[in-house]
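The block underneath contains the structure these notes are about, expressed in structure tokens.
We count residues from 1, following the sequence as given. Atoms within a ligand are numbered from 1 in the order they appear, just like the ligands themselves. Atom set for the values below is all heavy atoms of this structure, side chains included, hydrogens, waters and symmetry mates excluded.
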Amino acid sequence: MKLILFGMPGVGKGTQAKILAQKHGAVHISTGDMLRANIQNGTPLGTMAKGYMDKGELVPDNLIIAMIEEVLSSAKAKKGYVLDGFPRTVAQAEALETILWRANVPIDKAINIVVDEEEVVRRLSGRMTCPNCGAIYHKYNQPPKVENTCDSCGHIGLIQRDDDKEETVRHRLEVYHKNTEPVLQFYRNKGAIVDVDGGKSVEEVTASIERLLENARA
Ligand code: AMP
């Protein structure tokens, strides 16, 4: 499985990417998770990225492209990957073409998960994340089995990301319209993207994506 998941912040890319990567033995490559891990580990990249992320701005392309090139050129990406949150600018999409060509791991499909914008704001402002393993929950839609405790790793103390506060969410959506919508057009022009309704349950959205992948293989 070699897949790119697109969609506004909060449409469920991270949740779907984790499920699909696990099911199909692919690597889940989330640039947001990688940046947050760099911040947590106090790396120079993390220090540079934090200011942009806290404001809901995009981290400069050169930093992101160098980070993604390393992981996509690794042996594990050969078995399959699910890209989540990358590419977010046309410059990143162009760089990705070169990286995939060089590493000889072309994409099978690009999928755009579509959700109404106000629903996205509601989802993000209720999103809770496990700071230990990155598992994602929602206060109302998808709470953990035991309050404030991660189902996956048992960590106690789920957090709201700073950039999931409503004002920052609205700014992230503006950034999405300005920078990332042109990327969708880039893939549409190549006939390489399919829309999926992300307003359904997590299981239904996974099933829709898998059906599309099967059709693409048939
Ligand atoms: P995410 O977890 O994908 O919503 O990303 C959180 C934040 O990380 C974004 O708001 C950006 O500040 C930064 N980020 C993640 N991926 C990228 C990317 N591909 N290009 C630039 N900035 C990114």
Side-chain angles (χ1 to χ4, degrees), residues 3-18 20-21 27-41 43-72 81-100 107 110-113 115 117 119-138 158-184 186-187 198:
L3 189 66
I4 309 184
L5 291 184
F6 283 105
M8 280 184 258
V11 297
K13 295 189 296 294
T15 303
Q16 292 300 332
K18 275 199 184 73
L20 290 163
V27 235
H28 171 204
I29 304 176
S30 156
T31 40
D33 284 354
M34 290 165 83
L35 292 169
R36 282 183 287 278
N38 273 277
I39 293 176
Q40 214 167 12
N41 297 331
T43 69
L45 171 61
T47 311
M48 283 187 275
K50 190 173 181 334
Y52 296 99
M53 293 172 75
D54 285 349
K55 283 188 270 181
E57 299 285 348
L58 292 182
V59 174
D61 286 335
N62 58 332
L63 300 179
I64 299 287
I65 291 166
M67 182 176 84
I68 208 90
E69 180 156 26
E70 197 181 322
V71 45
L72 277 174
Y81 54 81
V82 182
L83 284 173
D84 155 20
F86 178 91
R88 260 175 155 100
T89 65
V90 172
Q92 291 180 14
E94 285 168 351
L96 179 64
E97 299 265 289
T98 312
I99 295 170
L100 295 181
I107 60 165
I111 299 223
N112 180 35
I113 306 178
V115 174
E117 189 152 335
E119 167 66 9
V120 157
V121 174
R122 202 185 64 77
R123 283 188 186 184
L124 284 181
S125 33
R127 180 160 79 172
M128 306 298 293
T129 309
C130 172
N132 187 47
C133 73
I136 300 163
Y137 301 91
H138 191 278
L158 303 178
I159 55 162
Q160 183 185 43
R161 282 168 37 180
D162 282 340
D163 59 351
D164 280 344
K165 309 233 156 72
E166 184 170 339
E167 201 186 296
T168 315
V169 165
R170 297 223 179 253
H171 183 60
R172 286 165 68 199
L173 290 171
E174 279 168 28
V175 169
Y176 171 84
H177 290 306
K178 182 165 163 254
N179 296 287
T180 310
E181 265 170 6
V183 182
L184 284 183
F186 175 93
Y187 285 93

Minimal heavy-atom distance between M128 and Q160, with the atoms involved, is CE-N, 4.2 Å
Counting heavy atoms only, which of M53, R88, K13 is nearest atom 5 (O) of ligand 1? R88
Does the pair D164/R172 count as a salt bridge with the N-to-O cut at 4.0 Å? yes
Top protein contact for atom 14 (N) of ligand 1, by heavy-atom distance: L35 CD1, 3.6 Å
In terms of heavy-atom contacts, D84 and A17 come closest through CB-CB, 3.9 Å
Those residues that, when tested against R88, pass salt bridge (Lys or Arg N to Asp or Glu O under 4.0 Å) (two or more places apart): none
Side chains of T180 and P87 in contact at under 4.5 Å (non-hydrogen atoms): no
Measuring only between side-chain heavy atoms, which start at C-beta, is I64 closer than 4.5 Å to L35? yes
Distance (rounded to the nearest 0.5 Å) between L158 CG and Y137 OH: 6.5 Å
Ligand 1 versus T89: contacting region, heavy-atom distance under 4.0 Å: neither
Distance under 4.0 Å to a non-hydrogen atom of Q92: what atoms of ligand 1 satisfy this? 18 (C), 19 (N), 20 (N), 21 (C)
For the pair E174 and K178, find out whether any cationic side-chain nitrogen is under 4.0 Å from an anionic carboxylate oxygen. no
At less than 4.0 angstrom from any non-hydrogen atom of R161, what atoms of ligand 1 do you find? 1 (P), 2 (O), 4 (O), 6 (C)
Which protein non-hydrogen atom lies closest to atom 4 (O) of ligand 1, naming both residue and atom, and how far is it? R172 NH2, 3.0 Å
For ligand 1, is there an N or O atom under 3.5 Å from any N or O atom of V59? yes
Sub-4.0 Å heavy-atom contact, R36 with ligand 1: yes
Does the distance from a Lys or Arg side-chain N to an Asp or Glu carboxylate O, for R170 and E167, drop under 4.0 Å? no
Is ligand 1 under 4.0 Å from a heavy atom in the side chain of V175, in the backbone, in both, or in neither? neither
Test your reading of the structure: does D163 have an N or O sitting under 3.5 Å from an N or O of ligand 1? no
What atoms in ligand 1 come closer than 4.0 Å to a heavy atom of G32? 2 (O), 5 (O), 15 (C), 16 (N)
Counting only heavy atoms closer than 4.0 Å, does ligand 1 sit against the backbone of K50, its side chain, both, or neither? neither
Which one of G85, A91, P60 has a non-hydrogen atom at the shortest distance from atom 19 (N) of ligand 1? G85
Going by the 4.0 angstrom heavy-atom rule, the piece of I64 near ligand 1 is side chain
Just to verify, what does V175 make a side chain to side chain contact (heavy atoms under 4.5 Å, CB included) with, not counting sequence neighbours? E57, L58, H171, N179
Counting each atom of ligand 1 from 1 as listed, which ones have a heavy atom of E57 under 4.0 Å away? 11 (C), 12 (O)
Polar atom proximity, T31 to ligand 1 (N or O, under 3.5 Å): yes
